[in-house]
Protein chains: 2
Amino acid sequence: MTRANRDDVARLAGVSTAVVSYVINNGPRPVAQATRERVLAAMDELSYRPNASARALKLARTSVIGLLMSDITNPFFSEFAMFLQGQAHARGYGLMIANTRQENAEETAELQSMLARGVDGIAVYGARRPETLSAIVRSGVRAVSMDWHLTASDVPSIGIDDYGATTQAVEHLLGHGHSEVAFIAGTDDLTLRVRAWSDTMRTRCTPERLAQLRVTGDFTREGGYDAATTLLELPDPPRAIFVSTDVQAFGALAAVRDLGLSVPADVAIVSFDGTNASAFTSPPLTAIRIPQDRIAQLCIEKLTSVPSAEPMHSTFPHELVIRESCGCHPRSM
Amino acid sequence: MTRANRDDVARLAGVSTAVVSYVINNGPRPVAQATRERVLAAMDELSYRPNASARALKLARTSVIGLLMSDITNPFFSEFAMFLQGQAHARGYGLMIANTRQENAEETAELQSMLARGVDGIAVYGARRPETLSAIVRSGVRAVSMDWHLTASDVPSIGIDDYGATTQAVEHLLGHGHSEVAFIAGTDDLTLRVRAWSDTMRTRCTPERLAQLRVTGDFTREGGYDAATTLLELPDPPRAIFVSTDVQAFGALAAVRDLGLSVPADVAIVSFDGTNASAFTSPPLTAIRIPQDRIAQLCIEKLTSVPSAEPMHSTFPHELVIRESCGCHPRSM
DNA sequence: TTGTAAGCGTTATCAT
DNA sequence: ATGATAACGCTTACAA
């Protein structure tokens, strides 16, 4: 039972192949109602499904967009993937997903794989090689970057005000009476978050202490666990920590608990991302929420609509969601 | 700068188009070393990249496989997606992901979208409509199901011994001195888990109590939260709960905490899935671990290698990972 | 070892 | 309103 093609449908409906196309695509020529119905009946009869490859070859586009991201198991990224998939589907696009596992080599390989498959555009979130964006551009494929730290003047980017959000988070902790706020960073610099934190803290402690209060870890639970452990085993451990991503905060919570301490009584924590998962930790995390749904929507728009003179960089408003980990929530007082 | 095609390369290298193909595909005819180098040089010179659509049209396969799953933000599924993506990539396949959001309508729509895009095979994990599997089969696309509860005799399936694993988990809790173990189920019946639990508990309580101890919730944190709340607000609340998935357990942990109780002192919990995330909750979850990596590997094998007379259903061994939520871990005693 | 050319299933132009 | 037909870029049988 080999699959029916357009010729079979045309033959059965007693029309030419062109008419079948007109019916399928609602154009570019009109088709008489009676004819259309005969064609539709024939398609149904033969369980006809258009061949996507042939169509893509002819139209020179696949209607598939790619998402290149660093870690699909990180809820921050998987929530974005969910939104992006929904938006893509709504516009008739499929979504192909690639995972770099936060490794340069995989980033290159996965990107090549996507390009080789002829995706019409690529969304990049969590990449680390500047080369990645320029390679996409060079290949003639459209790109949108959610990676603030990767600069590429010819690629539109979308994000939030990282500097402002971090400042707000750190000041929120300072407002709770903490004189020091430590910082758990990622292995890839989230430059603006680091800078905002140091700008806020610089006047409050010595450069030595500042260096001590900043610990780097992978963007994983394990990374956050280790980083928090390092901080809390300091001779003079901080009582407040700003964690630059939710997954790291999940790890930090586990570390605090394993040291027999509690959040927020012994250590106050504010995180960054505001994933749904961050609302279900013990205690729930106070966090800067990034509006992933809106970012995904704009991302698909930029990827699929005709290029325009829109701003190259779009910034969405963030929100500090107060939950229990920082200490000012009614439940934690 | 329109993209170079095979003709351009052939012209520049001074060979026929066939030779270019032979070089790209390493066959089916041999090519002289000198010629090969000229071709490679020309490809490089023109930044030539083969057109995947044309290739797919000619070969009648896309080298893309699809993953139809219920919720990409559920770590259980996203971890599987990660493994599947790795395995697929290793074999030269791309992965297209579809998300059903646990809704029948989306399941149908996403499946159609994948079929329309001509994927070579589809992995199904977390589907709820029996129709889904048969629709894939009818379309002539290969399928592998990780959904034990969807029966389709002509589709290979992969899983673990759900009945045995559940029995083991429930008995583990009973072994801690609990006379009753409640059960948080999903909205889609994980039939074997339900049956194993009731078979174990039936002899220990009245049918009325049995019904009371079984609560149903979405496969989400919220679902687990609500279900656990219902259980714990019972006049005579259970002291031990078996939760049928990790995400629901995450919610259950939050519910226990919000009621001012603690795990495992007031309520012991054993979960099912054993995601990486389950190792970082407070307290870490004792859970049945499903070997997603091995399942993903076999899944890709079945999807991409020639159909053989292998067993239709493959069962992998599970493992009860003892952590702190059940109460017998050194740290929690 | 290399070249020629048919054909994969579409779309859309140009006739009718 | 409908039909005939030339691409789209590739693979491969067959010829040389």
Side-chain angles (χ1 to χ4, degrees), chain A residues 1-40 42-43 46-64 92 115-120 139-140, chain B residues 1-40 42-43 46-64 92 115-120 139-140:
Chain A
M1 74 143 197
T2 173
R3 235 173 81 180
N5 64 17
R6 196 208 38 186
D7 280 19
D8 300 325
V9 175
R11 200 173 315 119
L12 181 58
V15 299
S16 79
T17 58
V19 172
V20 179
S21 268
Y22 302 154
V23 169
I24 291 172
N25 304 319
N26 278 318
R29 309 264 71 134
V31 175
Q33 187 57 29
T35 314
R36 153 170 282 111
E37 273 156 18
R38 278 213 320 284
V39 171
L40 289 174
M43 285 173 38
L46 298 171
S47 307
Y48 170 74
R49 183 177 308 106
N51 180 308
S53 301
R55 180 163 220 273
L57 171 59
K58 183 64 188 178
L59 297 179
R61 57 191 173 76
T62 55
S63 295
V64 172
L115 290 175
R117 284 194 170 75
V119 294
D120 291 341
S139 76
Chain B
M1 74 140 200
T2 171
R3 235 174 81 178
N5 62 17
R6 194 208 38 185
D7 280 20
D8 301 323
V9 175
R11 199 173 313 119
L12 182 59
V15 299
S16 78
T17 58
V19 173
V20 178
S21 269
Y22 301 154
V23 169
I24 291 172
N25 304 319
N26 279 318
R29 308 267 71 137
V31 175
Q33 187 56 29
T35 315
R36 154 170 280 113
E37 272 156 19
R38 280 214 316 286
V39 172
L40 290 172
M43 285 173 39
L46 298 171
S47 308
Y48 170 72
R49 184 177 307 107
N51 180 310
S53 302
R55 182 162 218 274
L57 172 59
K58 180 65 189 178
L59 298 179
R61 57 191 174 77
T62 54
S63 294
V64 172
L115 290 175
R117 284 193 172 76
V119 294
D120 291 342
S139 76

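Just so we're on the same page: letters track the sequence lines, and every chain starts at 1.
Separation of atoms CG (B/Leu57) and NZ (A/Lys58) is listed at 12.0 Å; rounding is to 0.5 Å. Here B/Arg49 contributes atom CZ and A/Arg117 contributes atom CZ; the two are 12.0 Å apart, rounded to the nearest 0.5 Å. The distance from the CZ atom of A/Arg61 to the OG atom of B/Ser53 is 11.0 Å, given to the nearest 0.5 Å. The CD1 atom of B/Ile24 sits 8.5 Å away from the CZ atom of B/Arg6 when rounded to the nearest 0.5 Å. Expressed to the nearest 0.5 Å, how far CE of A/Met43 lies from CG of A/Leu12 amounts to 11.5 Å.
Over its length, the helix from C/dT1-D/dA16 to C/dT16-D/dA1 turns its helix axis by 40°, as judged from the five terminal pairs at each end, rounded to 10°.
Atom CZ of B/Arg11 and atom P of C/dG3 are 14 Å apart (whole Å). For A/Tyr48 and C/dG9, the OH to P distance is 10 Å, given to the nearest whole Å. Regarding B/Arg61, its CZ atom lies at a distance of 10 Å from the P atom of D/dT11, rounded to whole Å. For the pair A/Arg49 CZ and C/dT10 C1', the computed distance is 16 Å after rounding to whole Å. Atom pair B/Arg29:CZ and C/dT1:P shows a separation of 10 Å (rounding to whole Å applied). Distance CD1 (A/Ile24) to P (C/dT10): 7 Å, rounded to an integer number of Å. Put simply, CZ on B/Arg36 is 12 Å from C1' on C/dT1, counting in whole angstrom units. Separating the CG atom of B/Asn51 from the P atom of D/dG9 is a distance of 7 Å, rounded to the nearest angstrom.
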(message) Under the criterion side-chain contact (heavy atoms from CB on, under 4.5 Å), I'd like the reasoning laid out for A/Val15 against A/Thr35: C-alpha separation, chi angles, the key distance, then a yes or no.
(response) CA-CA 8 Å; A/Val15 299; A/Thr35 314; 3.7 Å; yes
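When atom types are taken as modelled, the side chain of A/Asn5 and the backbone of A/Asp8 share a donor-acceptor pair closer than 3.5 angstrom.
Each of A/Asp7 and B/Val15 was assigned the nucleotide of DNA chain C with the nearest heavy atom; the assignment lying further toward the 5' end belongs to B/Val15.
At least one side-chain heavy atom of B/Asn26 sits under 4.5 Å from a side-chain heavy atom of B/Arg36. At a threshold of 4.5 Å between non-hydrogen side-chain atoms, the residues A/Val19 and A/Arg38 do not count as touching.
The side chain of B/Val19 approaches C/dG3 more closely than any other nucleotide in the set D/dA1, C/dG3, D/dC10. Closest contact between the side chain of A/Arg55 and the listed nucleotides C/dT11, C/dT1, D/dA1 involves C/dT11.
The two atoms that bring B/Ala4 and B/Tyr48 nearest to each other are O-CD1, 3.4 Å, heavy atoms only.
The phosphate of C/dG9 (OP1 or OP2) has a side-chain N or O of A/Asn5 nearer than 4.0 angstrom. Contact annotation: B/Ser21 side-chain N/O to D/dC10 OP1/OP2 distance is not under 4.0 Å.
B/Asn25 comes within 4.0 angstrom of the backbone, heavy atoms only, and of no base. The residue B/Val31 sits close only to the backbone: its heavy atoms come under 4.0 Å of sugar-phosphate atoms, none of a base. Within 4.0 Å (heavy atoms only), B/Leu59 reaches sugar-phosphate atoms of the nucleic acid but no base atom.
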Write out a two-atom table: protein N or O, nucleotide N or O from nucleotides 4-7 of chain D, distance below 3.5 Å.
from	atom 1	to	atom 2	distance (Å)
D/dT5	O4	A/Thr17	OG1	3.4
D/dA7	N3	A/Lys58	NZ	2.8

